[in-house]
Amino acid sequence: MSWSREEQARRAGAELKDGDIVNLGIGLPTEVANYVPRGIQVMFHSENGLLGMGPFPYEDELDPQIINAGKQTVTLAPGASLFDSALSFAMIRGGHVDVAILGGLEVAQNGDLANWMIPGKMVTGMGGAMDLAGGAKKTLVMQTHTSKTGESKLMDRLSLPPTALGCVNRVITELGVFDCCGDHFLCLELAPGVSREEAVARTKGELRFAG
Amino acid sequence: MSWSREEQARRAGAELKDGDIVNLGIGLPTEVANYVPRGIQVMFHSENGLLGMGPFPYEDELDPQIINAGKQTVTLAPGASLFDSALSFAMIRGGHVDVAILGGLEVAQNGDLANWMIPGKMVTGMGGAMDLAGGAKKTLVMQTHTSKTGESKLMDRLSLPPTALGCVNRVITELGVFDCCGDHFLCLELAPGVSREEAVARTKGELRFAG
Amino acid sequence: MKVVKDAREALQGLESGMSVMSGGFGLCGNPEQCIKTLAESGIKDLTIISNNCGNQGRGLAALLQNRQVSKVICSFIGGNPDLATQYLAGEVQVELNPQGTLAERIRAGGAGLGGFFTPTGVGTAVADGKELREIDGRLYLFEKLLKADFALVRAAVGDKLGNLRFYRTSRNFNPLMAMAARVTVAEVDTLVEVGELDPDDIHLPGLFVDRIFEASHENPIEHRTVRTREAR
Amino acid sequence: MKVVKDAREALQGLESGMSVMSGGFGLCGNPEQCIKTLAESGIKDLTIISNNCGNQGRGLAALLQNRQVSKVICSFIGGNPDLATQYLAGEVQVELNPQGTLAERIRAGGAGLGGFFTPTGVGTAVADGKELREIDGRLYLFEKLLKADFALVRAAVGDKLGNLRFYRTSRNFNPLMAMAARVTVAEVDTLVEVGELDPDDIHLPGLFVDRIFEASHENPIEHRTVRTREAR
């Protein structure tokens, strides 16, 4: 047993605090918007120049000029504001975004993140990933614990080109929640039915357990 | 005979072209606003964050929150816009202001300008003077040709601390109009009744004459 | 006067070999008429500076399809098969910048700054060959200004002095690029008389705009994502 | 919640020895209530970052008169006898910056940049001890970011999330300083509910504002210049 993508997103949502400014990466992180805990309010930042991103529009609200950084049509939440790309990244780089939740290809125990390229394979460009990973007050990564071929994506050190160094605070995989502590990962929580042995076996970095 | 302050301002106004973005320094340069040649339109930029400065307000238009860089109450001309100080100086530094007309203490024939301090005497700070002198596409200086004690203010080289180097294109004094040409001043025009000999005598730099 | 008839007139002087900034994020907020006119022009060997250089075969991708582009300075080429193919084939040079660095380099160009130190990219491939400097205990990279011969921008409303207002997320890179070019062309949904815009609500003062014209825009959608009322 | 009762509550945590940015150009667009409250507080040894540090004995000059200020970072001290006197007597340290450099250093602080290269000040006293660099054939000076413990800003309208709108030339340094401090306090003429401001017309997004309160403002005039209808 391990967490489903939905459960992973719900667990990431539990990291959010009232009043947080949150940037969600493309893919799984986007789902976290559906799991903001009841009773708290957060503002979603989209790096293409929008603070206060709302949910997808109803058909009759559709506006081609309101999109998120994934180029999906979205809406404006109450209190939203629009601005240019320089101010948008001033927010990110300047530490005004509280939490960035990003997808990952690899995370190292020292907090290094790789999520923008696989040499010889994936050519997409970094977009806003390097700014976001390094700029947010807290960077959370959501990824699978291992690759399709079973190799660990929680590493002692990165094998892929880094996106930003020492930036990741916490990783949420289908197996559990892990903090980057420099010379080891600290497991804070395991998904139901996941054993410590399994987590250790599937982690290439050093894994320790809280408590 | 030489030009009055009014005539100096009128002569400076004749330098303006239709569509010019113009920044006027404090003091005599401010007067140039009254002598924009008929048939042309210019926009006045004020570095405290206003493009499209209009004339002083009528009593019933007075608004304490519409001021120029000299902290005088002004009005907004049609098509005016307001912005923050960083964008205002982006305009200046980025070469988007066509003409700056500034007061001067000394101008050197290589275009160096001194207008912000006299050691041991005047302590005011440079304000926007250094940005303006160096940033505008064309910098015009209006000043008296000599000091109260009769010493030339058009120099072979500055004796006062510079505001910006090599920035002045043209100087308008009560004696005439002079271009900064590197190793000499070039006199383009003399005020009525001013002789070449007088201009040469009152100029410390090398003075040549056009035509 | 700044007002011109159409994109053809607005692009006078744009020649092969020049650098061109184009506003827009993906296909949102693109100067559609200028791009279309460029695509029909036969002008080639262009350096395009744009966040994405079109997408899904549309927008600036038309210039790629026509082999009018020799270099692209951008942050993202995902979802752009034309660019990816020509890049991998070595037919187009691509300079990738982190998106915030790209925005800031353009702003620096427009603001008369020579460059700046940013923490973004330290320790990554982006840092190769760039100066690294510690300032107040943090590591930064030096990045240089970026300017262009032409900037093509798109706005919602403009007046005859070139004052612009943008709509929603169509703003993105448009105001920055307008500051950083020798000649800035703005195409607007609606052209109004001077004085119709509130001076406090002008997003980009007109001194940055050299030529302006009114044009209709298709506003294509890249990813049409909606929800249904039932799912509420 | 960001909304606080008054300036006293808004300035909680502001202590002697801290650095404080204050918006305003001369007396225009000053955070009047915050300044007044600071002047009554007994807090001292402040570093004030402000274009003018008050004028004509008013605004931030009150803090100078109370001997609460040990250092001023500004661009202009003309028309400010309190500052000039204390500066010449060696009682207050003054760091003069060209106005555009001051604005840009504050923006850099807020934008997470370490510093930048500007042409302003090359060859002048401002360049003393600073790195000079030629970039694309032009000479530039290195200038460093500037940040503060508190930023005190004043806006015309704000909502309860801290989104701000400024009025006319009261904008000046206010939005920049709001970005560059650990704690940003905004005092606004009118506080409105979230949703009342058009998202395209928010001058400063609320994420930069930590505390906000409504206050009345005197808006003193420094140089009252008017013309008469007859003179038209």
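Heavy-atom basis, side chains included; hydrogens, waters and symmetry copies ignored. Numbered from 1 within each chain, the chains take letters A, B, ... in sequence-line order.
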Checklist entry - For atom CD of E218(D), is the number of surrounding heavy atoms from other residues, nucleotides or ligands below 6.0 Å larger than 12? => result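 For E218(D), atom CD is not crowded (no more than 12 foreign heavy atoms under 6.0 Å).
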
Between [X] and chain D, which part of the residue has a heavy atom less than 4.5 Å away: side chain, backbone, both or neither?
{"X": "L76(B)", "result": "side chain"}
{"X": "I92(B)", "result": "neither"}
{"X": "P161(B)", "result": "neither"}
{"X": "A164(B)", "result": "backbone"}
{"X": "N68(B)", "result": "backbone"}
{"X": "A69(B)", "result": "both"}

Mind checking whether [X] and [Y] have side chains closer than 4.5 Å, heavy atoms only?
{"X": "E222(D)", "Y": "I67(B)", "answer": "no"}
{"X": "R107(D)", "Y": "D84(B)", "answer": "no"}
{"X": "L96(D)", "Y": "W116(B)", "answer": "yes"}
{"X": "T120(D)", "Y": "R93(B)", "answer": "yes"}

Side chain / backbone / both / neither for [X] at chain B, heavy atoms under 4.5 Å:
{"X": "P98(D)", "value": "both"}
{"X": "N51(D)", "value": "neither"}
{"X": "F166(D)", "value": "neither"}
{"X": "L88(D)", "value": "side chain"}
{"X": "N55(D)", "value": "side chain"}

Without swapping roles, check the side chain of [X] against the backbone of [Y] for a donor-acceptor pair under 3.5 Å.
{"X": "T124(D)", "Y": "T163(B)", "value": "no"}
{"X": "N219(D)", "Y": "P64(B)", "value": "no"}
{"X": "T169(D)", "Y": "Q65(B)", "value": "yes"}

Checklist entry - G123(D), A156(D), G100(D): which one forms the most heavy-atom pairs within less than 4.5 Å of chain B? => result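 Sorted descending by pairs with chain B, the first entry is G100(D).
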
Checklist entry - Going through the distances and angles, do T101(D) and M130(B) end up as a side-chain contact (heavy atoms from CB on, under 4.5 Å)? => result CA-CA 10 Å; T101(D) 298; M130(B) 288 186 178; over 6 Å; no

Using every non-hydrogen atom in the two residues, find where [X] and [Y] come nearest and quote the distance to one decimal.
{"X": "E104(D)", "Y": "A86(B)", "answer": "OE1-CB, 4.3 Å"}
{"X": "R229(D)", "Y": "Y58(B)", "answer": "NH1-CD1, 3.1 Å"}
{"X": "F83(B)", "Y": "R171(D)", "answer": "C-CD, 3.8 Å"}

Checklist entry - Between G128(B), S88(B), A80(B), S81(B), which residue shows the highest count of heavy-atom pairs closer than 4.5 Å to chain D? => result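 Of G128(B), S88(B), A80(B), S81(B), G128(B) has the most heavy-atom pairs under 4.5 Å with chain D.
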
